[in-house]
Amino acid sequence: MAIHLWGGIETMPEVSIFKQNLSDLLGGKSAKGLEKSFGFVTAGDLLQHFPRRYAERGELTSFEKIEVGKPVTIMATVSSVTSRRMQNKRGWILVVTVTDGRDSMQLTFFNQKWREKELQIGRSGLFAGTVTDYRGTRTLTHPQYLLFADGSDSDMEALNQFAGSIIPVYPSSQSITSWQIASSVDVVLASTSDLVDPIPESVREEFELMDWTQALHAIHQPQSHSDLEAARFRIKFHEAFVLQALLEERRRARRGIKAIARQTKNHGRRSQFDAMLPFVLTDGQIRVGQEIAADLNSESPMMRLLQGDVGSGKTIVALRAMLDVIEAGGQCALLAPTEVLASQHFDSVMKLLRDMASDGSLLTSMNNSADGVHVTLLTGSLPSAARKKALLDIASGTAGIVIGTHALIQDSVEFFDLGLVVIDEQHRFGVEQRAVLMNKGRGDTKPHVLVMTATPIPRTVALTTFGDLDVSTLDESPSMRAGVETHVVNAMTVPNHLERVWERMSEEVKAGNKVFIVCPSISEQMNADDIDSDHAGAPITANQKLRSVDETVEELASRFPDIYFGALHGQMKPELKHDVMYRFTEDAANPVDVLVATTVIEVGVDVPAATMMIIQNAERFGISQLHQLRGRIGRGDRPGLCILVQNNFGNEGSTDRLEAIRSTTNGFELAQRDLEIRREGDVLGQDQSGLSSSLRLLRVVEDSELIELARDQVTSIAESSTWDAVLAAIDATDFERVTHLEKT
Ligand code: ADP
Ligand code: MG
């Protein structure tokens with residue numbers, strides 16, 4: 001609050017209603033209640049608490065879908081009232097039956113006989129409480145209620161804000177009813193006029209949008225259905241517009257950050273490497289390579305998301321970029337989410353470079369020739385001497401490529417000149433972790449960053465949540481040409497099919513192929529304690545027995561004595577993990593034929609000889625996880641066979657998921673199906689920008705066209721003189737989003 005000392009008159013700068021405290025507007029009691037229940041502090045918080053649905057006066061709420069245990073707000077009519085003395089205690093019990101016109105529910109009051117006077121047959125109103133089941137009847141005990149005025153009695157409290165026929169129903173809490181919220185909103189709306197509007201007038205005219213003030217009034221207190229529709233559209237547009245504007249700002253801010261341009265060469269190491277590859281690069285790999293090279297040559301840091309389905313060959317793309325950067329004098333870091341994946345990356349990078357250059361010109365990890373690439377592995381489990389050596393090589397610049405896990409992020413890791421950071425399976429890392437690595441650039445500069453994901457993100461989700469990243473897409477999977485066939489086998493209903501699966505496994509092994517068996521848990525237990533921490537599937541209900549790695553190995557090893565089984569899970573020592581992976585992957589003297597593992601193998605693991613995968617308790621896994629797992633097979637020239645073993649009798653969600661997986665191997669299609677099956681909130685659960693948590697009405701899948709539209713508008717306005725006014729208006733009315741932006 002600014003006080004001007006000179007004129008003697010105290011003038012206050014106008015504070016947007018959005019930023020005013022609810023306690024000043026509503027008084028302490030209501031404000032405290034809203035803060036306690038919802039965390040609302042300012043008028044803006046409350047104004048953006050939109051009704052969940054609307055009830056129409058005269059139209060009762062259908063009871064059909066009302067569930068026991070859930071808090072509800074219903075509109076109903078009293079159909080009977082009885083009161084009697086309680087049997088075992090003193091006092092009265094009042095039972096009121098209310099109806100939706102078809103079904104009925106019961107309201108119970110103890111020792112409140114006086115309510116008979118209010119709750120008369122034929123009266124309608126709103127009733128709120130948590131539904132319980134009392135001897136088969138859905139019951140609200142001591143519900144809060146608000147009766148509509150029926151014209152006969154004058155003392156009834158009829159709320160002014162329900163003068164219209166459309167009644168808002170708000171997400172409410174135990175202690176605050178929907179209509180109490182409505183009445184607070186009414187008070188705040190009374191002081192809400194002439195808000196500055198972030199959407200410029202020209203855009204409002206073009207798309208026939210209500211202004212911001214009108215829209216807020218209409219969403220809370222619609223006068224008609226068309227009024228409500230218009231308000232909803234305006235607010236969705238608003239959310240899309242503001243989100244895109246903030247992302248645009250973020251992009252602009254980034255322009256101020258400098259990176260060191262890494263001049264790429266057309267006839268350097270990268271082309272040498274290409275020439276020696278045992279396959280030709282796909283068009284997509286070449287195109288994305290060019291996009292990355294262009295970024296590397298620039299003085300603003302690359303921020304690129306590379307999405308490509310499993311097997312699309314992202315690693316090669318990353319490695320080619322690394323060779324460019326190394327040749328230009330920089331170092332590269334490759335961050336992987338698990339130790340297994342980090343050491344697999346290490347092995348395959350070494351192998352690729354070694355096979356390529358028998359003269360050692362590309363690789364020097366073994367022979368440190370001045371010309372070659374030095375590859376260093378840094379994980380948490382490295383013995384301290386090896387770790388010391390690795391840190392030294394990183395700090396001195398000897399290490400050209402550093403591959404590691406979270407251990408790379410620690411303070412003690414100092415690079416001589418970090419030029420490129422590649423983050424594999426980026427959904428496993430948070431924004432903060434990304435930020436830490438970005439601060440390891442030389443001097444004030446930031447390294448270029450490439451994040452890779454195998455979970456394809458539909459375009460609008462990418463626009464919304466990763467709006468500030470450039471996106472490259474690999475849409476072919478060259479290594480998966482052989483294809484994978486998928487079957488669902490229900491172990492509960494048709495156990496003999498499962499027998500057939502084990503026989504098939506043994507046939508595969510006899511044919512010289514490798515087999516994965518995936519289990520959701522590590523050892524036999526009746527609960528979720530030993531679920532591998534990498535398991536991100538549905539929550540485990542107590543006492544549900546899940547197939548485990550230990551149990552599976554034990555059972556199958558005794559049945560198939562000629563087959564070598566290996567176990568792999570997150571709680572094993574790194575040396576053991578590496579050993580079993582090695583024996584499964586390479587032509588080892590004592591090979592593992594069947595790898596029984598938890599989802600640690602979900603990401604990135606590359607075993608071309610693997611042709612079959614059996615996923616036990618497949619109903620426990622999500623679509624993208626199953627897709628990732630299945631992507632581990634059919635990578636060589638032999639077709640893959642994936643068996644989803646369902647160990648329940650099937651419920652809607654799991655059956656839909658398994659059917660989706662069975663019917664297609666296209667990652668983009670599956671991502672879309674996944675979005676449809678999952679709820680919106682789950683989709684955005686992966687959002688790393690934090691921005692979309694402030695979306696109220698906008699749905700990133702449904703409203704994709706609107707999002708694109710808003711983005712186009714923002715892009716053209718950002719170049720015009722109105723841009724600053726837009727930002728100022730957002731700051732005045734949408735500071736919650738601005739705060740989110742600052743946090744990231
Ligand atoms: P992902 O995108 O799932 O990380 P990878 O980079 O691990 O895929 O590649 C999967 C397999 O495909 C590897 O064995 C790799 O050598 C191979 N590969 C990559 N590019 C090509 C290509 N253009 N043609 C054939 N095989 C390829
Ligand atoms: Mg990969």
For this session: Would you check, one step at a time, whether the test salt bridge (charged side-chain N to carboxylate O under 4.0 Å, His left out) holds for Arg234 with Asp197?
Result: CA-CA 11 Å; Arg234 151 71 210 216; Asp197 197 329; 2.8 Å; yes
Seminar exercise, completed: Scanning both residues in full, the closest heavy-atom pair of Val726 with Ile717 reads CG2-CG2, 4.1 Å
Exercise. Is a side-chain donor-acceptor pair under 3.5 Å present for Asn647 with Gln616?
Worked result: no
Problem set entry | Those residues that, when tested against Thr108, pass side-chain hydrogen bond (donor to acceptor under 3.5 Å, both in side chains) (two or more places apart) | none
For this session: Taking all non-hydrogen atoms of both residues into account, name the closest pair between Ile66 and Ile74 and its distance.
Result: CD1-CG2, 3.4 Å
Seminar exercise, completed: Heavy-atom nearest pair, Leu698 first then Lys236, reads CD1-O, 3.5 Å
Exercise. Ignoring hydrogens and geometry, is there a side-chain-to-backbone donor-acceptor pair from Asp45 to Val41 under 3.5 Å?
Worked result: yes
For this session: If a pair satisfies side chain to side chain donor-acceptor pair (under 3.5 Å) and one of its residues is in residues 75-94, list it, with sequence neighbours excluded.
Result: Thr77-Ser124, Ser80-Thr97, Ser83-Glu116
For this session: Kindly write out the residues that satisfy side-chain hydrogen bond (donor to acceptor under 3.5 Å, both in side chains) with Thr132, not counting sequence neighbours, or none if the list is empty.
Result: none
Exercise. Under the side-chain hydrogen bond (donor to acceptor under 3.5 Å, both in side chains) test, which residues partner Ser716, sequence neighbours left out?
Worked result: none
Exercise. Does anything in residues 137-148 pair up under side chain to side chain donor-acceptor pair (under 3.5 Å), and if so which pairs, sequence neighbours excluded?
Worked result: Arg115-Tyr145, Glu118-Tyr145
Exercise. Less than 4.5 Å apart, any side-chain heavy atom of Leu189 and any of Gln221?
Worked result: yes
Exercise. Okay, side chain of Asn21, backbone of Ser23: is any donor-acceptor separation there less than 3.5 Å?
Worked result: no
Problem set entry | Reported OG-to-CH2 distance for the pair Ser184 and Trp179, which is rounded to 0.5 angstrom | 13.5 Å
For this session: Answer yes or no: is there a donor N or O on one side and an acceptor on the other, between the side chain of His49 and the main chain of Phe38, under 3.5 Å?
Result: no
Exercise. Can you name the closest pair of heavy atoms from Thr42 and Lys19 and give their distance?
Worked result: CG2-O, 4.1 Å
For this session: Would you confirm whether Ser663, through its side chain, and Ala660, through its main-chain N or O, come within 3.5 Å as a donor-acceptor pair?
Result: yes
Exercise. If we only count heavy atoms from C-beta on, is the Val95 to Gln106 side-chain gap below 4.5 Å?
Worked result: yes
Exercise. Nearest 0.5 Å, what's the CD-CZ distance between Gln625 and Arg657?
Worked result: 10.0 Å
Problem set entry | Positive for side chain to side chain contact (heavy atoms under 4.5 Å, CB included) with Ile219, one of Ile235, Asp227, Val185 | Ile235
For this session: For the residue pair Leu22 and Leu46, establish whether any side-chain heavy-atom pair is separated by less than 4.5 Å.
Result: yes
For this session: Name the orientation class of the two ring planes belonging to Phe237 and Phe233 (parallel below 30°, tilted from 30 to 60°, perpendicular beyond 60°).
Result: perpendicular
Exercise. So do the side chains of Gln244 and Ile707 get within less than 4.5 Å of each other, counting heavy atoms only?
Worked result: yes
Exercise. Taking side chain as C-beta onward, heavy atoms only, is Phe241 less than 4.5 Å from Val714?
Worked result: yes
For this session: Could you pull out the closest heavy-atom pair between Ala240 and Leu706, with the gap in Å?
Result: CB-O, 4.3 Å
Problem set entry | Ser172 versus Thr177, side-chain donor and acceptor atoms under 3.5 Å | no
Exercise. With distance as the sole test, does Asn617 use its side chain to make a donor-acceptor pair with the main-chain N or O of Gln646 at under 3.5 Å?
Worked result: no
Exercise. Are Val96 and Phe109 close enough that some pair of their side-chain heavy atoms sits under 4.5 Å apart?
Worked result: yes
For this session: Begin from the C-alpha positions of Thr73 and Ser178 and carry the test side-chain hydrogen bond (donor to acceptor under 3.5 Å, both in side chains) through to its verdict.
Result: CA-CA 7 Å; Thr73 303; Ser178 171; 4.9 Å; no
Seminar exercise, completed: With Leu209 as partner, the option from Arg204, Gln214, His238 fulfilling side chain to side chain contact (heavy atoms under 4.5 Å, CB included) is Arg204
Seminar exercise, completed: Heavy-atom nearest pair, Phe63 first then Val98, reads CE1-O, 3.6 Å
Exercise. Do the non-hydrogen side-chain atoms of Ile615 and Leu626 ever get within less than 4.5 Å of each other?
Worked result: yes
For this session: Kindly write out the residues that satisfy side-chain hydrogen bond (donor to acceptor under 3.5 Å, both in side chains) with Thr722, not counting sequence neighbours, or none if the list is empty.
Result: Ser720
Exercise. Counting only N and O atoms by type, is there a donor-acceptor contact under 3.5 Å from the side chain of Gln120 to the main-chain atoms of Lys117?
Worked result: yes
For this session: Would you check if Val131 and Glu67 make a side-chain contact, meaning some heavy-atom pair closer than 4.5 Å?
Result: no
Exercise. Should the ring pair His220 and Tyr170 be called parallel, tilted or perpendicular, given that the plane angle runs from 0 to 90° and is split at 30 and 60?
Worked result: parallel
